[in-house]
Amino acid sequence: MTAGEPLQRVRIYLSERDSADGQPLYLVALDRLRREGASGATVLRGIAGFGSGHRLRTAGIADFSQQTPVVIEWLDRAERVARVLPTLDEMLGDALITIEDIKAYRAALRSSGPFGSRSVADAAREEIAIIPPDMLLAEAVERLARSRQPLLAVVEGQRLAGVLMSGDAERFGTIALDALAELDDAERAAVLARVAVRPVRDVMREPRAIYIESPLAHTVNLLVEWGLDALPVTDGDGRLVGIFGIDQALRAALDGAQPSQYVRNSEPPPVSLIMQMLVPTAAGSADAATVLLQALQTPIQAVVLVNGFYPTGVVSIPDATRRVRNPLRSAWIAALAGDRAPLAALASTSGVTAMELASTPDLISSRASEYDAVRMLIENRRQHLVVVDSEGRLAGMVTQRGVLRALAQEGNG
């Protein structure tokens, strides 16, 4: 919030003895506000007061049988109050609730991390590919590869029944889906023919979903903790309403980095503090088959080509799949499917250099800021950036997931 926004103060008048689900009602209401993404609320315990019955109630040692007044004071944006307050109606019954328009002199003193008080609703992508649980697995895998989304939502009726994750390619009996998307129709059909004939319901994951009003910082932590690329987003009735993944998290962090006269943001860390320093490398003149085998064995699925200390190209699995030609191509597709013997037989003798399969590296200075890296990852649609020092020499690599982990740590601070 900033001082220039329309703000409202909501006061909810309760008794200390009011309860819901065996818990004090004020705590249940406070938890609901937090879950719905309210900016902040405080419970105030009354010292003394009387209501419509004109019975004086006081807070003291001997008042355990009395109904000491309790007030929840909630300050928020007007639009959020209008959206969230009706969700408390059933819980609060006949409790007195007041709303006042207020003018804030100062509404923020410091940064609350890269995601602030925003919720998933502020950043989720609404379009999400959905499939029925009885769709054949091969068809679903092809749709997932073509969609270039991190997951497909399996929906039965109005219910989210499960998810199909792009990272589960090996479990499906197929090749990495970013490589599958680069094959021609005949090659893709041949790969998918090896996928077991079974419905999606037999292999889908249990649906881990995130509530649309969950705080962004909390959701990013879940992506990091669970090692996921994305989560489906559901509304208060459990209906699927979108998707939130690494791409949405990076875009939200970039939006939150915009300067404000009301918020003092700490300086973002330089790339040198968030990069990984151990990077798989090879000479550009190296045999392509050898470097492709190396790429398959590395966690980042890519090899940086260097001339001495200077990066000249990057061989990544999807880019290589797009560029490689026969006879190396058939050996490469077999290796993607798990049979590396044909590719290993061509090592050092393929007659193709690694540079012929390489893409131009996306370079970023080690002195650049974390948000410079986020911007480049988004604009160039890359999974990783090659980090260079002030002399242009290879210093490390920045990955999407590494940046996400750094942003999550800042949000926790």
Side-chain angles (χ1 to χ4, degrees), residues 1 23 27-43 72 74-77 79-81 83-85 87-88 91 107-126 128 150-151 153 160 163 165 167 205-258 263 265-266 268-269 274 370-371 374 377-378 400-413:
M1 291 185 296
Q23 298 290 324
L27 289 181
V28 177
L30 203 65
D31 185 64
R32 173 68 66 84
L33 288 172
R34 181 185 60 81
R35 181 172 177 265
E36 293 287 344
S39 292
T42 302
V43 176
I72 300 176
W74 163 30
L75 190 69
D76 218 322
R77 299 180 176 91
E79 56 85 15
R80 185 170 290 163
V81 169
R83 175 175 54 77
V84 173
L85 190 55
T87 68
L88 277 67
M91 175 194 306
L109 292 175
R110 58 189 175 152
S111 170
S112 53
F115 305 108
S117 61
R118 289 172 295 165
S119 69
V120 170
D122 297 315
R125 173 179 169 180
E126 294 181 1
I128 180 172
L151 64 81
L160 177 65
V163 294
M165 310 290 290
R205 289 193 187 203
E206 288 296 317
R208 276 180 169 175
I210 193 71
Y211 178 51
I212 192 168
E213 296 302 335
S214 296
L216 274 180
H218 168 68
T219 306
V220 170
N221 277 330
L222 291 182
L223 291 178
V224 172
E225 179 183 341
W226 293 342
L228 298 176
D229 292 332
L231 285 164
V233 180
T234 56
D235 64 13
D237 296 320
R239 293 173 300 194
L240 182 69
V241 293
I243 183 173
F244 182 86
I246 295 177
D247 184 67
Q248 287 72 40
L250 296 183
R251 292 177 185 276
L254 202 58
D255 290 342
Q258 303 305 315
V263 180
N265 288 313
S266 58
I274 64 172
E370 173 186 64
Y371 291 112
V374 171
L377 287 167
I378 292 173
Q400 278 194 357
R401 186 158 289 280
V403 172
L404 187 75
R405 189 177 299 108
L407 292 170
Q409 290 173 348
E410 290 173 50
N412 292 335

For the student: nearest non-hydrogen atoms of Glu370 and Ala406, plus distance: OE2-CB, 3.4 Å

Kindly compute the distance separating CG (Leu407) from CG (Leu216), expressed to the nearest 0.5 Å. 11.5 Å

Leu88 and Leu33: side-chain contact (heavy atoms from CB on, under 4.5 Å), yes or no, with the steps? CA-CA 8 Å; Leu88 277 67; Leu33 288 172; 4.0 Å; yes

Arg80 side chain to Arg77 backbone, donor-acceptor under 3.5 Å: no

dist Asp76:CG -> Leu85:CG (nearest 0.5 Å) comes out at 11.0 Å

Quick one: side chain to side chain donor-acceptor pair (under 3.5 Å) partners of Arg32, sequence neighbours excluded? none

For Arg34, all residues meeting side chain to side chain donor-acceptor pair (under 3.5 Å), sequence neighbours excluded: Asp31

For Ala230, all residues meeting side chain to side chain contact (heavy atoms under 4.5 Å, CB included), sequence neighbours excluded: Pro150, Leu151, Ile243

Residues passing the salt bridge (Lys or Arg N to Asp or Glu O under 4.0 Å) test with Arg251, sequence neighbours excluded, are Asp247

Do you know which two heavy atoms are closest between Leu254 and Tyr371, and how far apart they sit? CD1-O, 3.7 Å

So, taking the atom named CZ in Phe115 and the one named CD in Glu410, what distance separates them when rounded to the nearest 0.5 Å? 8.5 Å

Sorted by chain and number, sequence neighbours left out, side chain to side chain contact (heavy atoms under 4.5 Å, CB included) with Ile212 holds for Ala121, Val233, Val241

Please report the closest heavy-atom contact between Ala29 and Met91, naming both atoms and the distance. CA-SD, 3.6 Å

How long is the span from the CZ atom in Arg405 to the CG atom in Asn221, to the nearest 0.5 Å? 11.5 Å

Could you tell me which residues satisfy side chain to side chain contact (heavy atoms under 4.5 Å, CB included) with Val43, sequence neighbours excluded, listed by chain and number? Tyr26, Leu30, Val70, Ile72

Leu223 and Gly245 have their tightest heavy-atom pair at CD1-C, 3.9 Å

For residues Val163 and Met165, determine if any side-chain heavy atom of one lies less than 4.5 Å from a side-chain heavy atom of the other. yes

Gln248 and Ala123: which non-hydrogen atoms are nearest, and at how many Å? CG-O, 3.4 Å

Assess whether side-chain contact (heavy atoms from CB on, under 4.5 Å) is satisfied between Val81 and Trp74, documenting all intermediate values. CA-CA 9 Å; Val81 169; Trp74 163 30; 4.1 Å; yes

So, for Ile210 and Leu222, which heavy atoms are closest and what is the spacing to 0.1 Å? CD1-CD1, 3.6 Å

Among residues two or more places apart or on two chains, list those pairs meeting salt bridge (Lys or Arg N to Asp or Glu O under 4.0 Å) that have a residue in residues 227-236. Asp229-Arg401, Asp235-Arg239

Residues 207-216 vs side-chain hydrogen bond (donor to acceptor under 3.5 Å, both in side chains), sequence neighbours excluded, gives Glu36-Tyr211, Arg83-Glu213, Ser119-Glu213

